[in-house]
Amino acid sequence: MIFISSLIFSNSRRSSDENLVWTYFYKLYKILPSERKSKCVEIFTRKEPSPTFLPLKIAERLQNIRSICMEYLVDAIERRKMIDEDLHTFLATLFIEEILECQDLEKRDEIRQQFRQFMIHTNYLKVQLLIGKLQNTSLRFELAILHGKVKTMH
Amino acid sequence: MSDLLFFLKDLSTSLVKLSAQYEEETFKSVLTRLREMNFDMEDCIEWLLERKMNHNAALVYKHMGESEKSVNIWTSLLENDGQLESAIDSVIDSLAKYGILFSKCIQRNY
């Protein structure tokens, strides 16, 4: 009985911790001037992974603010050296979306360069899924890198 | 600071208020021992807020484990001035650490 009630308490406490962090993250993001908004990502990059704040779960909730989500994933992969295939593929997907939506040619080339570097250096991508996403786009060079990865895998 | 001071409620309440107003270094040192002190927290908070020392009031809440109340004060400050560096850093620091102690308890199956 004590175990069950402490478990219920644990779950409700975890959920309230989680809600509080997300509520104030969105509040802070809304308040800060546009040039400072990216600072909000530190709430999650400085947080130690825990059952309440799993990296993939954080990334999924951040995806509606793509720039913040990308910064979070880059930190998780480059600084924390996380080798989760889901996280690496998630970042690759966001790179593709960002490139396809970017109107500024100079910036677009810069992001493409970062994306290529990322693809060349990681071995944790769901390659077939990404090939599917790039199939009908103009990103032929990136597609070639992925096909190259398929060949080295076999 | 005499340890005796920490157990006399009126004196320690005054120590928190006055150090917050006049002695930044003493206030920082008081904050680290706040949980050992027998002081009137709500009285201190009210006093600090009346004198527009919202940041210090938030610090008192934070060191007493009332994270939500402290973050709430800092975000209110930021609503008036979005560039307030100390408030931005404090909110981020509190939220980054929030839930960690509790998660460790879960991992140890408490």
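All of these numbers come straight from a predicted model, not from anything done at the bench. Lettering of chains follows the sequences in order, A, B, ..., and the numbering in each one begins at 1.
- For chain B, no part of A:F44 is nearby; none of its heavy atoms comes within less than 4.5 Å.
- The candidate from B:N72, B:D93, B:L78 with the greatest count of non-hydrogen atom pairs under 4.5 Å with chain A is B:N72.
- The closest side-chain donor-acceptor pair between A:Y124 and A:D86, if any, does not fall under 3.5 angstrom.
- Heavy-atom distances place both the backbone and the side chain of A:K39 under 4.5 Å from chain B.
- Every residue two or more places apart in sequence or in another chain was checked for a salt bridge (Lys or Arg N to Asp or Glu O under 4.0 Å) with A:K37, and none qualifies.
- Proximity to chain A (any heavy atom under 4.5 Å) is restricted, for B:V91, to the side chain, taken from C-beta onward.
- By the 4.5 Å heavy-atom criterion applied to side chains, A:K149 and A:I120 are not counted as neighbours.
- For B:K28 and B:E24, the salt-bridge test passes: some basic side-chain N is under 4.0 Å from an acidic carboxylate O.
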